[in-house]
Amino acid sequence: MRYLPLTPADRAEMLGVIGVATIDDLFVDVPAAARKADLFDLPLHAGEMEVERALAALAAKNRSAGAGPFFCGAGAYKHHVPATVDHIIQRSEFLTSYTPYQPEIAQGTLQVLFEFQTQVAALTGLDVANASMYDGSTACAEAVMMAQRVTRRKKAVLSGGLHPHYAAVTQTIAHAEGMEISRQAVAIDAEAAVLSAIDAETACVVVQTPNVFGVVTDVSKIAEAAHAAGALLIVVTTEAVSYGLLKSPGEMGADIAVGEGQSIGVGLNYGGPYVGLFAAREKFVRQMPGRLCGETVDADGARGFVLTLSTREQHIRREKATSNICTNSGLCALAFTIHMTLLGERGLRELAALNHSRARELRDALAAVPGVEILSPRFFNEFAIRVPGKAAEVVEALLADGVVAGVPFSRLDPKAGMDDVLLVAATETTTRGDIAAFAQALKGRTA
Amino acid sequence: MRYLPLTPADRAEMLGVIGVATIDDLFVDVPAAARKADLFDLPLHAGEMEVERALAALAAKNRSAGAGPFFCGAGAYKHHVPATVDHIIQRSEFLTSYTPYQPEIAQGTLQVLFEFQTQVAALTGLDVANASMYDGSTACAEAVMMAQRVTRRKKAVLSGGLHPHYAAVTQTIAHAEGMEISRQAVAIDAEAAVLSAIDAETACVVVQTPNVFGVVTDVSKIAEAAHAAGALLIVVTTEAVSYGLLKSPGEMGADIAVGEGQSIGVGLNYGGPYVGLFAAREKFVRQMPGRLCGETVDADGARGFVLTLSTREQHIRREKATSNICTNSGLCALAFTIHMTLLGERGLRELAALNHSRARELRDALAAVPGVEILSPRFFNEFAIRVPGKAAEVVEALLADGVVAGVPFSRLDPKAGMDDVLLVAATETTTRGDIAAFAQALKGRTA
Amino acid sequence: QDEALIFEMGGWDKSGVDFDLPSQDASDLGDLVRTAPIGLPGLSEPEAMRHFVRLSQKNHAIDLALYPLGSCTMKHNPRLNEKMARLAGFGDLHPMSPQSTTQGALELMDRLAHWLKTLTGMPAVALSPKAGAHGELCGLLAIKAAHEAKGQAHRRTVLVPTSAHGTNPATAAFVGYDVAEIAQTADGRVDLADLEAKLSPDVAAIMVTNPNTCGLFERDIIEIARLTHAAGAYFYCDGANFNAIVGKVRPGDLGVDAMHINLHKTFSTPHGGGGPGAGPVVLSEALAPYAPTPWVVSAGEGFKLVEEAEDEAADTFGRMVAFHGQMGMFVRAYAYMLSHGTDGLRQVAEDAVLNANYIKAKLSPVMSPAFPDGPCMHEALFDDSWLEGTGVTTLDFAKAMIDEGFHPMTMYFPLVVHGAMLIEPTETESKQELDRFCNALTLLAEAAKAGDVERFTGAPYLAPLRRLDETLAARKPRLTWRPEPTTVAPAPMAAE
Amino acid sequence: QDEALIFEMGGWDKSGVDFDLPSQDASDLGDLVRTAPIGLPGLSEPEAMRHFVRLSQKNHAIDLALYPLGSCTMKHNPRLNEKMARLAGFGDLHPMSPQSTTQGALELMDRLAHWLKTLTGMPAVALSPKAGAHGELCGLLAIKAAHEAKGQAHRRTVLVPTSAHGTNPATAAFVGYDVAEIAQTADGRVDLADLEAKLSPDVAAIMVTNPNTCGLFERDIIEIARLTHAAGAYFYCDGANFNAIVGKVRPGDLGVDAMHINLHKTFSTPHGGGGPGAGPVVLSEALAPYAPTPWVVSAGEGFKLVEEAEDEAADTFGRMVAFHGQMGMFVRAYAYMLSHGTDGLRQVAEDAVLNANYIKAKLSPVMSPAFPDGPCMHEALFDDSWLEGTGVTTLDFAKAMIDEGFHPMTMYFPLVVHGAMLIEPTETESKQELDRFCNALTLLAEAAKAGDVERFTGAPYLAPLRRLDETLAARKPRLTWRPEPTTVAPAPMAAE
């Protein structure tokens with residue numbers, strides 16, 4: 001067994017040092033009834049080649065996003081990640097280290113987290129960011145919980161443009177905490193509809209831009225209304241590349257910004273692991289969930305970084321912690337930071353412009369297909385279209401043409417009555433050939 | 001341009017420091033007639049995604065060995081390489097370092113080379129090994145040159161079982177050096193035929209086991225005859241896994257053993273880079289070509305390793321060097337050492353046994369195909385068969401069945417009159433399904 | 001060697017990528033477009049590579065030496081698993097791609113679920129929780145939903161032993177429960193009498209770690225479960241230490257109702273400097289109906305995801321994550337399971353326990369084991385009584401280990417042991433490395449007792465940095481880089 | 001920290017692989033089977049990983065800091081290229097697979113050849129040489145064959161400047177030529193008068209490096225070629241420094257007959273601790289017919305390899321390697337070419353030259369440039385006259401650079417400059433890193449002049465090892481590990 005270094009001779013010698021006769025003497029505290037002498041009904045160990053073949057066979061049953069024209073988005077985006085990113089995150093020193101509890105021998109991880117926090121704060125236009133959350137959806141739920149702690153109010157208003165999964169995750173947590181969730185009707189261009197639901201009980205308003213239909217909104221007015229009511233504005237973004245083109249949440253008055261960072265450095269991974277971005281105004285820092293990395297000095301006065309403000313965290317505060325979170329998404333945050341460093345401000349802006357441009361080309365091509373209606377008035381790299389018939393059936397039909405046409409909105413929210421709405425996304429990986437293939441196939445299927 | 005760190009502002013500032021006005025002022029020594037002001041007729045720079053797509057499109061035009069039943073050998077073998085090997089050789093500290101001329105900051109590379117040398121010496125059953133050659137074929141030619149230096153004789157006898165490429169490479173070099181090459185007639189089981197060609201002028205006898213037809217030979221008698229005539233015995237091995245099952249060259253009396261190390265850790269790479277193994281008896285060490293790594297101590301008495309005996313080498317001895325070799329195959333030697341360390345003696349013996357076993361299963365399956373004749377009486381993991389008609393045509397025909405049937409001997413040596421001889425190899429990667437598919441396809445094509 | 005921050009490298013106009021710029025105008029979004037500088041530096045690829053490689057060398061890692069963080073389970077991470085997770089069919093697979101195009105992924109999730117259920121002896125598993133603490137949340141939400149369904153919503157207390165991981169009480173509080181502590185016996189186990197006394201009709205659940213954080217198996221575990229169930233409460237087991245018993249003991253046989261499994265601990269997905277994790281939760285028959293969506297079911301020839309709270313999922317307590325969970329970790333864990341097989345996993349538990357007891361035996365002559373009698377499980381716990389009077393604290397001793405090339409053990413946890421030092425070697429350490437470790441610690445311990453105090457209080461001396469001032473960091477938090485007043489701010493970008 | 005050898009880790013019966021053992025008997029080979037122990041240790045995967053990762057950290061690397069080895073061209077190695085070389089269609093492609101199944105590989109070789117020919121302005125290229133010195137061998141064999149074909153086999157002398165790389169004379173000697181040296185002028189170029197004097201009817205070729213090993217462009221290169229050709233000899237150009245002029249100057253326009261190109265230098269394939277390299281050789285019309293087999297030709301719709309010495313290859317001097325050359329390096333180099341494009345490659349040369357001249361300018365105040373007048377090309381050469389009287393040698397100074405975190409420059413080469421220090425930064429260094437380097441060297445130089453001799457003669461102090469005893473190594477060579485008399489030898493293997 002290639003991962004187990006002890007030899008039979010080692011084991012015998014070690015049992016002797018311990019002073020017991022057999023390995024089972026070390027399991028003596030297990031109630032006899034619960035000791036399994038037999039192997040379970042599962043396969044025996046296998047060599048590397050056999051395991052590789054088994055996994056490769058499963059992988060081959062999936063159609064990867066890069067296998068042909070591909071237009072799915074809805075909170076996860078296909079982007080090109082430089083080879084350098086994946087190389088660095090696989091370095092032993094990053095991959096096989098733990099949470100940096102011993103800062104003297106974890107400055108690699110810690111400095112990266114400090115750089116990550118600064119990048120996220122810059123992108124969101126806010127003062128402070130934490131060292132990452134599990135993903136965007138859980139970050140959204142944590143933001144609502146944080147707003148409750150800050151405002152000591154129990155009601156959260158969610159826009160109808162919020163990604164349905166994000167809304168569901170937030171509702172799950174809020175329910176347990178006894179919070180009231182006021183989720184507005186699902187609508188394509190209606191972030192501002194939250195205004196009517198804000199009242200004196202409102203802890204926070206949650207809006208998304210670009211929203212789940214790709215629609216971009218200036219939320220400044222919502223911020224004003226929320227603040228006037230003593231509530232916080234939480235702005236959600238599921239496509240981090242959009243930060244390169246659009247006004248930041250902070251510029252528009254957000255108190256907390258949460259985002260899904262998958263687009264930068266991480267890859268699709270069938271939905272996870274991803275990396276949640278979480279930023280806020282400085283005055284709320286002690287109510288933030290998750291890890292924070294801060295600057296300090298060592299005994300010789302040299303600059304260094306440590307995990308800090310851990311009095312917010314569960315391992316110190318136990319039931320009084322701001323959240324139960326322990327694990328972050330460190331390796332994905334590293335990937336994010338490396339990719340963002342390679343991009344730089346210039347590269348990110350160019351990447352965003354390229355995404356936007358490709359999406360507009362896609363819009364123009366699809367708008368020319370008879371029976372197709374473009375539903376999103378303003379968008380970044382994703383928009384909603386109305387197709388004749390059920391979107392899910394159109395998607396299945398186009399698979400036969402080798403095109404993965406997008407995400408039927410009904411997959412995200414079957415109860416919204418939007419069975420004919422299809423979300424389509426384009427990124428820098430989308431070619432003109434992909435767009436033409438999509439338009440042609442759609443024309444053929446809807447004719 | 002992502003690989004170039006200088007900004008336009010940097011360049012301007014640096015030109016100022018240097019004290020020139022333009023970059024072309026630094027190219028002033030180039031004759032004006034030879035200065036190209038224009039770009040060449042080649043593409044402009046391209047992004048990573050575009051380059052990746054261009055290369056992937058080319059790669060997709062090739063049929064990789066892993067794509068289906070595959071039986072090519074003839075000096076390059078498909079083996080499974082553990083993921084750990086490829087991971088470690090990609091570490092920056094190994095991948096992006098140079099020849100270890102500064103041993104204080106190159107102990108990683110140097111200790112590995114020392115371990116490599118020891119492993120190669122053990123495998124070949126000889127006293128010393130160098131820190132690798134370009135590949136097996138150039139190692140073979142260098143061994144013949146070394147025999148000339150040791151014996152001060154000008155004739156080399158090559159067996160008819162020596163890989164034709166190895167013979168050709170040796171002849172190319174020997175011709176330039178004015179050596180006489182006596183190459184015996186190509187024959188399937190005739191290493192011993194060299195005996196008749198040994199005379200008092202003979203510097204060395206070169207035999208291969210397993211030979212190019214896969215035939216395994218005990219060369220002890222050839223060693224005796226060579227030594228009796230004052231000549232050296234050079235034993236060539238193109239399949240390093242065979243060392244795990246067969247008597248070593250040293251045990252059988254070889255003075256120099258050369259081998260192709262590709263099978264251990266390196267992969268197919270369409271023929272290169274590979275790693276040449278080169279080992280010899282200790283008394284010849286100062287006539288060896290290539291780099292040697294040796295043990296020593298540092299100023300504090302700690303053990304360390306350095307490149308040594310460099311008075312044999314070109315950078316010190318210039319035209320009096322034992323060889324012109326400068327570069328070795330360091331990274332492939334590292335891969336070899338890691339893979340061999342993972343195998344260990346037990347793993348190597350098991351791997352060799354598994355290869356041998358699969359090849360015998362293949363033999364049994366092919367022997368049952370009407371019209372097919374097994375030509376190699378004893379073999380390790382490769383053997384020659386006679387097929388009805390031209391082997392090259394049989395191979396092309398079987399491609400339509402998805403089977404890559406092996407290497408027609410005529411591809412290696414079209415003048416040998418062996419157009420109906422096919423070399424077929426099996427390794428641990430060969431499945432029973434592969435073997436059955438081959439046999440069935442062959443039966444279909446030869447019926 | 002000091003490594004500058006990316007913000008200090010002058011890269012306000014550099015980039016390490018090349019794009020074919022779009023020919024169209026930048027946008028039709030008018031006022032929605034950002035005009036102010038973002039403040040992001042860039043680096044060319046060579047500079048970025050060097051920055052991050054240099055930084056990496058400031059980290060300790062399991063690939064460098066023993067990393068004996070008790071309860072964290074730092075074991076070898078096979079690179080095969082990394083390679084498998086990067087197969088295009090997994091790594092480049094979109095979560096909302098039509099399910100007909102993701103059958104291999106769904107099959108893998110189904111197989112992983114089968115292994116987890118078989119290894120734990122439990123009938124159901126929720127794969128989607130993103131980490132151990134998220135799994136605890138899942139378990140408590142299922143328990144809460146079950147109580148609500150039974151009209152037991154008034155049960156508002158969760159009992160937690162004093163020795164529990166901080167996540168246990170934090171999770172209970174996060175979902176609105178009151179937390180009450182259960183006392184511990186002198187031999188490091190749950191105090192049955194105290195438990196019995198506190199098991200009132202108000203109790204929703206107990207949360208017990210087993211093997212517990214003292215590295216001991218709860219001998220009375222079956223009785224604990226019986227008492228809990230008799231009181232109408234559920235038994236949540238913190239499965240962080242499942243690696244000690246995998247293949248040997250099935251939690252389902254012990255009366256557990258819910259248990260999370262840290263895939264990064266038991267099944268060796270890499271920790272990556274703190275995450276990502278993955279925390280699937282196995283559930284009993286009683287709790288299974290409330291499991292979070294989505295889950296995988298086989299559907300005729302293939303597999304499908306149950307994503308909505310309807311039909312078979314009518315009782316689900318809801319969704320915990322966007323999409324379906326940590327697929328990248330599932331691939332790695334499944335590859336690890338296939339590699340070990342049922343025989344290998346059993347050996348994993350045995351070797352983990354053997355290694356821990358070996359360390360306990362070797363170090364007991366010089367240090368003081370917290371529970372000297374009887375074997376430990378996968379980790380050896382020492383207290384600091386042996387340091388009394390030396391002037392050296394647990395922290396000092398731990399920092400001195402850094403100078404010997406080892407990562408410190410877990411310190412001051414569990415809280416029930418004074419100056420605790422919790423050492424977990426895992427099964428992937430060789431006897432040679434254990435001996436090297438024990439020898440180094442023995443010499444250190446002797447030095448501490450011999451009065452060589454400065455070696456400890458000043459430690460580490462040989463690390464990239466000396467001891468860091470954590471108080472300063474917390475008192476005046478500097479959480480992002482800010483330009484010095486003299487720094488030239490980045491210029492606004494010209495329109496491309 | 002000392003790292004044991006694999007032979008000292010007790011792994012005589014360990015393995016880091018798992019095989020399904022064959023069910024058949026081990027062999028029918030009888031006496032041919034090895035029975036004695038081989039003497040190979042094995043390690044489990046975690047142990048092996050740790051051993052090699054630990055060792056790696058004892059290396060300096062381009063990914064860690066400037067690596068200014070003159071003439072070695074240590075530049076950034078893009079990981080994209082590593083990824084491309086590992087695509088199954090390249091990495092898992094058998095060299096003798098039917099050519100119909102390797103068309104993409106042949107097309108890549110054809111494209112690479114096109115780029116190399118276009119960049120050099122030469123009509124032909126031999127791809128198969130495995131390294132620079134192997135390329136020299138290729139060039140001289142072609143020259144030898146050409147002379148033989150013209151009845152000029154009596155030409156037995158090759159002229160080589162004193163400043164040449166050692167491989168030049170070694171290669172000439174290896175193929176049976178006598179070597180004669182050409183003198184150098186005071187400004188570091190070939191002495192034309194001396195060349196003319198030595199260009200006899202016995203001369204087969206000259207071998208000139210350009211830019212030369214002093215980092216200078218041979219101003220009279222066109223005249224050198226003219227004289228050489230007039231004497232009936234061929235002009236072999238050592239192309240090790242082609243990186244200084246790529247995209248700006250075509251060797252074909254200078255009269256070159258053959259030139260090798262180190263793909264690892266100009267086109268950034270990684271050096272890998274000393275190899276593998278790749279040394280394609282461009283050839284003039286006169287030499288092209290003698291090129292070694294194999295080569296790629298387009299054949300109708302596709303491509304094919306010319307592998308045999310017949311028909312179009314009737315005049316080939318033969319085969320230099322088994323199979324077709326360093327395909328893995330071809331993939332990397334081609335990816336590098338595509339990434340840079342013709343514009344980027346020109347910028348490569350310009351930035352390499354700019355960086356070298358910047359270093360020369362910054363260090364000239366404290367060190368003594370060997371050729372102070374006029375610009376250098378891609379490397380800056382200093383002599384040791386500035387160290388006179390300090391008690392510090394070139395070697396000492398170089399070793400002290402290690403303590404500053406840099407790799408030493410090339411020392412004592414070229415031989416024509418006393419105590420030479422040859423610094424090549426390459427184009428992939430940023431101005432920031434160059435400044436860091438120049439500042440460090442300036443401070444060191446000042447320290448040397450100020451008499452802080454021990455800092456140099458004892459250096460390095462901060463490396464994994466102190467200065468190594470190379471004399472001992474050569475006097476009593478220990479080239480393999482041998483068991484100590486007390487070591488337990490490995491037991492013979494039981495038959496499986």
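Quick caveat, the model's predicted, so the values are computed rather than measured. Numbers restart at 1 for each chain; the letters A, B, ... are given by sequence-line order, proteins then strands.
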Heavy-atom distance under 4.5 Å to chain A: side chain of [X], backbone, both or neither?
| X | answer |
| --- | --- |
| Asn357(C) | both |
| His165(C) | backbone |
| Met96(C) | both |
| Glu427(C) | both |
| Ala473(C) | both |
| Pro464(C) | both |

Among [options], residue most engaged with chain C (heavy-atom pairs, under 4.5 Å):
| options | result |
| --- | --- |
| Leu123(A), Leu292(A), Val306(A) | Leu123(A) |
| Val30(A), Thr138(A), Val17(A), Val216(A) | Val30(A) |
| Cys326(A), Cys293(A), Gly136(A) | Cys293(A) |
| Ala59(A), Gly330(A), Gly344(A) | Ala59(A) |
| Leu334(A), Leu309(A), Leu348(A), Asp218(A) | Leu309(A) |

Item to complete: For side chain to side chain contact (heavy atoms under 4.5 Å, CB included), just list the numbers for Leu69(C) and Thr99(A), CA-CA rounded to whole Å, side-chain angles, deciding distance to a tenth of an Å, and then say yes or no.
Response: CA-CA 10 Å; Leu69(C) 273 179; Thr99(A) 306; over 6 Å; no

Pick one of side chain, backbone, both or neither for [X], based on which atoms fall under 4.5 Å of a heavy atom in chain C.
| X | value |
| --- | --- |
| Cys72(A) | both |
| Met14(A) | both |
| Phe70(A) | side chain |
| Ala321(A) | side chain |
| Ala60(A) | neither |
| Thr118(A) | both |
| Leu351(A) | both |
| Phe40(A) | both |
| Val395(A) | side chain |
| Ile89(A) | side chain |
| Val297(A) | both |
| Val20(A) | neither |
| Glu115(A) | both |
| Ile23(A) | side chain |

pair [X]-[Y]: side-chain heavy atoms closer than 4.5 Å:
| X | Y | result |
| --- | --- | --- |
| Met84(C) | Glu52(A) | yes |
| Pro414(A) | Glu307(C) | no |
| Tyr67(C) | Thr96(A) | no |
| Lys431(C) | Leu6(A) | yes |
| Phe90(C) | Leu58(A) | yes |
| Thr296(A) | Glu470(C) | no |
| Arg349(A) | Ile38(C) | yes |
| Thr341(A) | His51(C) | no |

Practice prompt. State, without any angle test, whether Ser15(C) and Arg346(A) hold a side-chain donor-acceptor pair at a distance under 3.5 Å.
Written response: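 No, Arg346(A) and Ser15(C) have no side-chain donor paired with an acceptor closer than 3.5 Å.
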
Discussion item. Between Asn59(C) and Thr109(A), is there a side-chain donor-acceptor contact under 3.5 Å, judged purely by atom types and distance?
Written reply: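 Result is yes, a qualifying pair exists.
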
Worksheet item: Salt bridge between Arg11(A) and Asp351(C), side-chain N to carboxylate O under 4.0 Å?
Response: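 Yes, charged N to carboxylate O under 4.0 Å.
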
Item to complete: Would you please name every residue forming a salt bridge (Lys or Arg N to Asp or Glu O under 4.0 Å) with Lys144(C), sequence neighbours left out?
Response: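 Here no residue qualifies.
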
Fill in: Plane angle bin for His163(A) and Phe323(C) - parallel if under 30°, tilted between 30 and 60°, otherwise perpendicular
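Geometry flag for His163(A) against Phe323(C): perpendicular rings.
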
Discussion item. Tell me whether Asp343(C) contacts the main-chain N or O of His45(A) through its side chain, where contact means a donor paired with an acceptor under 3.5 Å.
Written reply: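 Answer holds: yes.
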
